[in-house]
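Contents: one structure, followed by commentary.
All heavy atoms count here, side chains included; hydrogens, waters and symmetry mates do not.
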Amino acid sequence: MWRFRVRPGYKSKHLLVEFRGDHHSEGFPNVYRLLARALGAVGVPYPSLGAASTGLTTDEILSCWRYEHGQYLVDDDVWSLFIHASHNNAQIMADIEQALLVSGLFVKEEVDFEAYK
């Protein structure tokens with residue numbers, strides 16, 4: 001099973017989802033598709049730079065998704081995969097956590113929130 005954490009961003013009160021392990025390895029679940037199905041999320045244009053130009057200049061792909069409780073951002077780069085939400089953060093992170101657990105593909109790692117202050 002694959003692992004994830006729900007934790008605060010560094011020096012932030014906002015929660016984020018951090019995926020553990022190599023998210024580019026063979027067999028890693030397609031998180032985009034999993035969440036789109038589970039939450040009824042649809043991709044929306046990223047507010048500033050286009051994803052293609054961002055990816056070409058930083059090896060990072062940013063994609064925005066919207067569903068009934070708000071909008072979240074998937075930050076996918078060479079080393080890591082994170083999900084962030086600025087507005088309605090607690091609800092969106094709870095919904096994503098639940099979708100990942102219900103999928104049966106992921107387990108949640110506990111986190112020491114003090115380590116991120």
query: Which is it for D76 and H24 under the side chain to side chain contact (heavy atoms under 4.5 Å, CB included) test, yes or no, and what are the steps along the way?
result: CA-CA 10 Å; D76 182 351; H24 293 294; 3.6 Å; yes
D95 and H69 side chains, donor-acceptor separation under 3.5 Å: yes
query: Is it the case that more than 12 heavy atoms not belonging to H87 sit under 6.0 Å from its NE2 atom?
result: no
message: If you count every heavy atom of other residues, nucleotides or ligands that lies below 6.0 Å from R20 atom CZ, does the total exceed 12?
response: yes
field: Close side-chain approach of F28 and L81, heavy atoms under 4.5 Å
entry: yes
For S63 against Y32, the heavy-atom pair lying closest together: OG-CE2, 3.3 Å
query: Say you draw a straight line from CG of D77 to CD1 of I61; how long is it, rounded to the nearest 0.5 Å?
result: 10.0 Å
Which residues share a side chain to side chain contact (heavy atoms under 4.5 Å, CB included) with V107, sequence neighbours left out: M1, R3
field: Residue among E97, E109, K108 satisfying side-chain contact (heavy atoms from CB on, under 4.5 Å) with R5
entry: E109
message: Using 0.5 Å steps for rounding, measure from the CD1 atom of I92 to the CG atom of L73.
response: 11.0 Å
- prompt: So, for W2 and F19, is the gap between ring centers shorter than 6.0 Å?
  reply: no
query: Which heavy-atom pair separates F113 from V6 by the least distance, and what is that distance?
result: CE1-O, 3.8 Å
query: Looking at Y10, is R7 sitting on its ring face, NZ or CZ under 6.0 Å from the six-membered ring centre and within 45 degrees of the normal?
result: yes
Nearest heavy atoms of E18 and Y116, plus distance in Å: OE1-OH, 4.4 Å
message: Do W65 and V74 have side chains that approach each other closer than 4.5 Å (heavy atoms only, starting at C-beta)?
response: yes
message: Going by side-chain contact (heavy atoms from CB on, under 4.5 Å), I83 matches just one of L16, D75, V31. Which one?
response: V31
task: Indicate the atoms forming the closest heavy-atom contact of A41 with Y72, along with that distance.
output: CB-OH, 3.4 Å
- line: Correct closest heavy-atom pair for P8 and L15 would be N-CD2, 3.9 Å
message: Tell me whether H23 contacts the main-chain N or O of F82 through its side chain, where contact means a donor paired with an acceptor under 3.5 Å.
response: no
message: Please say yes or no: joined through hydrophobic side-chain contacts below 4.5 Å, possibly via intermediate residues, are L101 and V111 part of one cluster?
response: yes
Nearest-0.5 Å distance that lies between atom CG in L35 and atom OG in S103: 9.0 Å
- prompt: Taking all non-hydrogen atoms of both residues, which atom of Q71 and which atom of C64 are closest, and how far apart?
  reply: NE2-SG, 3.4 Å
